[in-house]
2 protein chains.
Amino acid sequence: MRIGELSRRTGVPVPTIKYYVREGLLPAGELSSPNQASYDEGHERRLRLVRALLEVGGLSVAAIGDVLTAIDDKEQPVHKLLGTAARRMVPEYGDAAGQDDAEAVLAREKVARLIEARGWHVGPGNKAVGALEAALASLARVGHGSFAELLDDYAEAAEQVARVDLEYTARRVDREGLVEAVVVGTVVGDAMFAALRRMAQVDASSRIFAQELPE
Amino acid sequence: MRIGELSRRTGVPVPTIKYYVREGLLPAGELSSPNQASYDEGHERRLRLVRALLEVGGLSVAAIGDVLTAIDDKEQPVHKLLGTAARRMVPEYGDAAGQDDAEAVLAREKVARLIEARGWHVGPGNKAVGALEAALASLARVGHGSFAELLDDYAEAAEQVARVDLEYTARRVDREGLVEAVVVGTVVGDAMFAALRRMAQVDASSRIFAQELPE
DNA sequence: GCTATCTGATAGCGCCACTATCTATGATGG
DNA sequence: CCATCATAGATAGTGGCGCTATCAGATAGC
C-alpha cells in the first residue's frame, strides 16, 4: 500500500507518518522507484503501536524511539531488552527525588524496608524504585506522609496485577511478540488500572455519600 | 517570609513562583508596601502541592489551576468538588477513543459489562470510563485485544486499592483537608501503584528467568 | 497528456513551562 | 544617610516537543 492508504487506515496524517519515519519510530517504506514507496501490514501494525504508546501511554516520541529500537535489535538477549524497554517506560522523576533532604532519606528507607519485607528481587538501580521513592518523598513534603501507610496494601494489589501480567506475557512464544506484549502491557496496563481505580473510587465514595446525603 | 525565602525553602526559582501566582496556582503574597509582600506556611504548603502535582502527577499547569480553584471555592458542596477534582486529573483520551470504529464499539460494550458485573455506580459520562474504553480499543487495534481478558483481575485489585484510598480520605475531618487528600491520593497514588507494579513485575520475571537462564 | 499522488527536504507553528530583563520601589546595614 | 540588595509587577523571550505546511521534482494511472 502507499502512504496515503496507510494514513487513511490508521487516521494518522501523512506528514506525521513521514515525521515518525524521520524519528526512527517507523521503518521507511520499500522504494519501488525513486519517489514511490510501499508499506505493508507490518508498517500499519507498528504505526498503531506508536499511536497507542503516544496517546494511551503518554510516552514521548524519543522514548518510543528507544523502546522500538530495542525491540528491533535482534542481537540483544531477551532479558536485557526487557530491561531497556522497562527503563524507558518510566518517566524521569530523577530531579524530583534528587533533593536529598530528610524526606528523601526517609522515603529511601521505607522503600528498602518494603522490598526487604516483600522479598522482592529488585536492585536499587531500578527506575521504578526511584519513582516510588520520589512519590513517597513528595507525599511527605506536602504533609500527606501518612498516605504511605497504604503502601503495603498497594504492594499487595500490585503483586496480584503483576502475576496476571506475567501470565499474559508467558503466552507469547516469539521474541518480538514477547517484548511487544511487555511494552503494551506495561504502558496500557497503567492506564487501565488508573481508570479502574478511579471508577472503583467513585463507586465506593458514592456508597458512602449516598448514605450521608440522601438528596 | 519573603519570596526569596519561600524560593529557598522549596527549591522553586523566584520567577517560577511569580509565574504560578500569575496563573492562579498560588495566591499572591500579602502586600505590606507597594513592592513588598509576605508569604506564610500556607503559601509554602500550596507551592509544595503544586510541585507534587506537576512532577509526580504529571498534571498540566492549567489542570492544577482548575483543581485548586475548585478546592478554594468554599461555596461548592463537597461531592461536586470531588467531581471536578477527579475530572481534571484524568488526561484527555477523548480523541483517542473517538475513532468510533469497531474496536471502540466493542470496548464500550466490554466496559459496560464490567460495570454491570461489578455493580459499580458509575455513569457513562465519567472520564475514567472513557479512558478505560480508549485503552481497550487501543489494545484491540495493536493486536493485543486479549490483554483485556485481565480486566477482571485488574478490577479486583483496583477495588482493593480504592477501598484503602477511601479509608485514608475518611480520616480527614476538615473540608479542605479532605479534598486535598483526594487530589494527592489520586495523583500520587497512580504513580505509586505504577512503580510498585513495575517492581513486582521485575521480581516475578526475575524468578522465571532465573530458572531458565541460570547464568 | 493530465491530474492526483508520491518522496524527501526544509521551515514553520502552537503550545507549554518556564526564564530573562526591566523599572520603580523599598528593606537593610554600616 | 547612603550603598547595596531584594522585591513587585510587567513584558518579552526561550527551548523543547509534536507535529504541520510548503515546495520541487518525479511517478502512477487513467
Report summary line: chain A vs DNA chain D, heavy-atom contacts under 4.0 Å, first-to-last nucleotide span, 5' to 3', is D:dG18 to D:dA28

Spacing between [X] atom [atom1] and [N] atom [atom2], to the nearest angstrom:
{"X": "B:I17", "N": "C:dA20", "atom1": "CD1", "atom2": "C1'", "value": "16 Å"}
{"X": "A:E23", "N": "C:dT10", "atom1": "CD", "atom2": "C1'", "value": "14 Å"}
{"X": "A:E5", "N": "C:dC6", "atom1": "CD", "atom2": "P", "value": "10 Å"}

Query raised in the report: Got more than 12 heavy atoms from elsewhere within 6.0 Å of CD, B:E30?
Result: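 Atom CD in B:E30 is not packed in, count stays at 12 or less.
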
Query raised in the report: Of the options B:T69, B:L49, B:I64, B:L54, which is the one that meets B:L25 in a side-chain contact (heavy atoms from CB on, under 4.5 Å)?
Result: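 Single side-chain contact (heavy atoms from CB on, under 4.5 Å) partner of B:L25 among B:T69, B:L49, B:I64, B:L54: B:I64.
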
Query - Position toward the 5' end of DNA chain C (nearest nucleotide), B:S32 or B:S60 - result: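 Looking at the nearest nucleotide for each, B:S60 comes out on the 5' side.
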
Query - Salt-bridge criterion met for A:E55 and B:R141 (N-O under 4.0 Å) - result: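 Looking at B:R141 together with A:E55, the answer is no, because their closest N to O distance does not fall below 4.0 Å.
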
**Report entry** NZ/NE/NH1/NH2 to OD/OE distance under 4.0 Å, B:R45 and B:E180
**Finding:** yes

**Report entry** Closest-nucleotide 5' rank along DNA chain D - winner of A:K18 and B:I3
**Finding:** B:I3

Query raised in the report: With nearest nucleotides of DNA chain D determined for A:R2 and A:Y19 from heavy-atom distances, which residue corresponds to the more 5′ nucleotide?
Result: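 Between the two, 5'-proximity favours A:Y19.
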
Query raised in the report: Nearest of C:dC6, C:dG8, C:dT19 to any side-chain atom of A:L31?
Result: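 Side chain of A:L31 sits closest to C:dG8.
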
Query raised in the report: Out of C:dT7, C:dA11, C:dC18, which nucleotide sits closest to the side chain of A:R22?
Result: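 Of C:dT7, C:dA11, C:dC18, C:dA11 is nearest to the side chain of A:R22.
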
**Report entry** Distance-only donor-acceptor check, side chains B:R46 and B:Y39, under 3.5 Å
**Finding:**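 No donor-acceptor contact under 3.5 Å links the two side chains.
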
Query - Short side-chain N/O contact from B:Y20 to OP1 or OP2 of C:dC18, under 4.0 Å - result: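 For C:dC18, OP1/OP2 do have a side-chain N/O of B:Y20 under 4.0 Å.
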
Query raised in the report: OP1 or OP2 of C:dT19 sitting under 4.0 Å from any side-chain N/O of B:T16?
Result: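 True: B:T16 side-chain N/O within range (under 4.0 Å) of C:dT19 OP1/OP2.
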
Query - Check against salt bridge (Lys or Arg N to Asp or Glu O under 4.0 Å), B:R171 and A:E149 - result: CA-CA 13 Å; B:R171 295 185 212 162; A:E149 292 166 19; 3.3 Å; yes

Query - Inter-residue atom distance A:S7.OG - A:K18.NZ, 0.5 Å rounding - result: 11.0 Å

Query raised in the report: Atom CD in A:E159, atom CG in B:L196: separation rounded to 0.5 Å?
Result: 9.5 Å

**Report entry** Sugar-phosphate only, base, or nothing, as touched by B:P15 at under 4.0 Å among non-hydrogen atoms
**Finding:**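 Base contact - B:P15 has a heavy atom under 4.0 Å of at least one base atom.
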
Requested in this report: Fit a plane to each ring of B:F193 and A:F193, take the angle between them on a 0 to 90° scale, and name the class: parallel (under 30°), tilted (30 to 60°) or perpendicular (over 60°).
Outcome: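 B:F193 and A:F193: parallel rings.
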
Query - Residue-level proximity of residues 61-69 of chain A to DNA chain C when a heavy atom falls under 4.0 Å - result: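 The stretch gives none, as no residue of it lies under 4.0 Å from the strand.
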
